[in-house]
Amino acid sequence: MLGVCQTFTWLLYSILLLLSSSNGEGFVEQPDVEHPQFEYESVRLPTPSRGLLYPRESATREVRSLNGMWRLVRSEASDPFQGVREKWYANSLRLTGRDILAMPVPASYNDITTDDLRDHVGTVWYERTFFAPRLWEGTQRTWLRFDSVHYSALVWINGRNATHHTIGHLPFEADISGLLNFGGENRITVMCDNRLGNRTIPQGSVYKVKTDNGSLPIQSYSFDFFNYAGIHRSVHLYTTPLLHISDLQVSSQLTSEGMGRIEYRLWIDGSQDSYMGIRLSNVLVQLRDRDGQVAAQQINKGIYHGTLLVPNPHPWWPYLMHPDPGYLYDLQFELFVETNEEEAEVMQDSYRLPVGIRNLNWNNESLLLNGVPLYLRGFGRHEDADIRGKGLDYALLARDFNLIKWIGANAYRTSHYPYSEESMQFADEHGIMIIDECPAVNIDIFEPELLENHMSSLEQLIHRDRNHPSVIAWSVANEPRSFKPGALKYFESLVNYTRGIAHGRPLTAAINANPSACHLAQFLDIVGFNRYNSWYQNTGRTDMIVNLLTDEAQKWRKTFGKPIIQFEYGGDTMEGMHSLPAFVWSEEYQVELFSHHFIAFDKLRTQKWFIGEFVWNFADFRTAQTITRVGGNKKGVFTRNRQPKEVAFILRRRYFALAQELHQCQLPEDLTLYISKKVITHQEL
Ligand code: GCB
């Protein structure tokens, strides 16, 4: 037994060392060097992630939330693995003798306390207890699912290793049936490490500084949002039958004959034991419409993929493109088995997936949904809020979607990482289109291990989100240093790999390099660029936007011949700061800056290949402490507590005007206020 324990500890330690080396070699700052020589052919492709269906209750499945108050202990920043050496997971954290904090899950831990936990670098330990019902023993498999822990996590159940995961914002799960004490109390312990290094996605570096109280590790990173950490999204226990549906993949199409077509594939998982005495019989696949009526069905014997044909389908349409956007069907899978005792069939497992039926196509000029060319009007956003940091918050989610709809946007980019699964479901339901971005923001030093992690982040993201009708493109990176020589091979490999798993979506990225120097854009289907005219360049000169912007967009088009989107523009704006004439940081300046961009966008729109305008940012958000950020990034159209700045009303008028011009949508009654009988238009000035 001792031998087994030792082997386990050794294994664990190896994992930790591996994690530490992928987190910037402990606390040694990595030199900023390129690795142009590495062999791309030898890069290991990620092992495809498995399972991960969103936990849903059904006739055969139970879901229990482990959200709530957990206990948290912090390790010394100078000794992040102390807890592993001392086996803090073996007993309650109370026995460590360290301070125990009450810590809500889901939430970032950073802004909860009043001390320096906010800036802690290294590991923290979470713990809570829960009961596992006796009824689950032997008859069910019990799964533990984390929707996101940032950045890496090691998990123990009752002191035994359950699972581990790296890369934040993505789910992971494990079958913990063999570790549970059924009918009694169980303890779950999570070690969470927030350190970013040269090979993590995103990159950062940890180095030591000499403070008045001795030497301390500091985390630095070039991306412009606070590196919040902790158990950011929900934690669930859920059960499945021993033999169960472990994964599903669907894609849809509207045929030229006016039918809906849904292709599905399912995976069934079961151990040898779970097959004892039973034989798989068939899978009943039923598509139900909003009223619960069966729109199509199939009994599938033995083969676990198939096609459903749906007469008179209700297509999935984006918000303001159709009076009934976000139409979802309920696709239900029921797995039947035959038992030896009775020859009758018994339903073994059932899972329901919301699906939309729509066509997504693209060419060198347009991105088309249900055959209609899209013009995207939206935002780059962040998952960010006061106190909760990046923690999932249903109130915030609902408020954000209400604001998105109020302002008439039809799309957003999940800058700069995957957003919560609940937000993806909301987007499906409300018809908001998503450019789904992986967490590779500002990547710089291109080398093989980074590429492997980058591929893995895309694989996990696509696996998680491929069934959402709202996802219209995958964004492979934000502002990578794509002008560097190492970027060419790196992105060629990354995009080749991603194209193979893209599940019917085009690939894009948000680029800030110059068109003539960028090594990434040539591999993409849609080219997105970020440019801060009259903010970072020509500050204060709103009269220098229209020509520069139209020229740049044309240059991107001419160089790469692909559809073009501006993914970021904007300027920091202090709510309540006013200045006439406009002055940088004032609300008037933000309005003026936007208005000049609108002129450029309207010129560009006359050329079909300009397919979208995205503001940076939807709302103000927290960043690291720097002298260029007053309490965070203030480029929001909304404040951090989701109230409109002056520009929100102007943007709203534009977004609705576009929706009316392009799709004849109805305008909201409060879009404009009565001012006078004669309305003065821009042309008359
Ligand atoms: C960018 C980045 C974004 C920043 C923004 C800014 O280009 O993509 O993460 O927050 O600029 O405000 O500087």
Side-chain angles (χ1 to χ4, degrees), residues 150 168-169 196 201-204 220-228 378-385 389-390 411-419 435-444 473 475-483 487 508-515 517-518 520-521 524 527-540 545 548-549 552-553 556 564-575 584-585 589-590 593-594 597 612-640 645 647:
H150 185 75
H169 323 285
L196 304 175
I201 296 287
Q203 289 172 312
S220 83
Y221 42 89
S222 68
F223 54 84
D224 185 37
F225 55 94
F226 194 85
N227 187 36
Y228 279 116
F379 297 95
R381 298 181 58 205
H382 267 297
E383 288 189 326
D384 172 273
K390 293 205 176 302
Y412 64 82
R413 177 169 63 111
T414 69
S415 43
H416 298 307
Y417 38 80
Y419 289 5
I435 310 280
D436 212 358
E437 188 158 285
C438 79
V441 43
N442 291 18
I443 58 165
D444 191 349
S475 166
V476 301
N478 177 77
E479 299 194 359
R481 308 310 183 221
S482 57
F483 54 87
T508 187
I511 301 172
N512 69 339
N514 289 323
C518 180
L520 161 60
L524 301 172
V527 175
F529 69 97
N530 298 348
R531 197 67 64 212
Y532 287 86
N533 283 302
S534 299
W535 188 255
Y536 292 124
Q537 53 257 7
N538 310 316
T539 316
I545 293 173
L548 283 174
L549 178 51
E552 174 165 9
W556 283 109
I564 308 292
I565 296 182
Q566 181 155 16
F567 270 140
E568 291 185 20
Y569 72 95
D572 286 85
T573 307
M574 288 300 290
E575 60 178 297
V584 284
W585 289 86
Y589 190 79
Q590 193 180 26
L593 183 144
F594 273 42
H597 278 80
E613 51 183 88
F614 285 69
V615 173
W616 189 258
N617 186 284
F618 175 71
D620 293 349
F621 58 92
R622 180 51 60 88
T623 61
Q625 300 188 60
T626 80
I627 51 165
T628 53
R629 298 282 179 254
V630 187
N633 188 309
K634 301 281 186 203
K635 294 193 185 69
V637 165
F638 297 98
T639 61
R640 201 179 188 211
K645 295 181 188 171
V647 80

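Count residues from 1 along the sequence. Note that the structure is a prediction, hence the values are computed from the model and not measured. Counting convention: from 1, in listed order, for ligands and their atoms alike.
A perpendicular orientation is assigned to the rings of Phe567 and Phe614, their planes being inclined by more than 60° (bins at 30° and 60°). Using cut-offs of 30° and 60° for the angle between ring planes, the Trp616 and Phe621 rings count as perpendicular.
Minimum heavy-atom separation, Thr414 to Glu437: OG1-N, 2.7 Å.
A side-chain donor-acceptor contact under 3.5 Å links Tyr417 and Lys390. In summary, the side chains of Glu479 and Asn530 do present a donor paired with an acceptor at a separation below 3.5 Å, with no hydrogens or angles considered. In this model, no donor atom of one side chain and acceptor atom of the other lie less than 3.5 Å apart for Asn617 and Asn633.
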Pairs under 3.5 angstrom, nitrogen or oxygen on both sides, ligand 1 versus protein: list them out, please.
residue  : atom   : partner : partner atom : Å
ligand 1 : 7 (O)  : Glu479  : OE1          : 3.1
ligand 1 : 7 (O)  : Glu479  : OE2          : 2.2
ligand 1 : 7 (O)  : Glu568  : OE1          : 3.0
ligand 1 : 8 (O)  : Asn478  : ND2          : 3.0
ligand 1 : 8 (O)  : Glu479  : OE2          : 3.4
ligand 1 : 8 (O)  : Glu568  : OE1          : 3.0
ligand 1 : 8 (O)  : Glu568  : OE2          : 2.8
ligand 1 : 9 (O)  : His416  : NE2          : 2.7
ligand 1 : 10 (O) : Asp224  : OD2          : 2.5
ligand 1 : 10 (O) : Trp616  : NE1          : 3.1
ligand 1 : 10 (O) : Asn633  : ND2          : 3.3
ligand 1 : 11 (O) : Tyr532  : OH           : 3.4
ligand 1 : 11 (O) : Glu568  : OE1          : 3.4
ligand 1 : 12 (O) : Tyr536  : OH           : 3.4
ligand 1 : 12 (O) : Asn633  : ND2          : 2.8
ligand 1 : 12 (O) : Lys635  : NZ           : 2.5
ligand 1 : 13 (O) : Tyr536  : OH           : 2.4
ligand 1 : 13 (O) : Arg629  : NH2          : 3.2

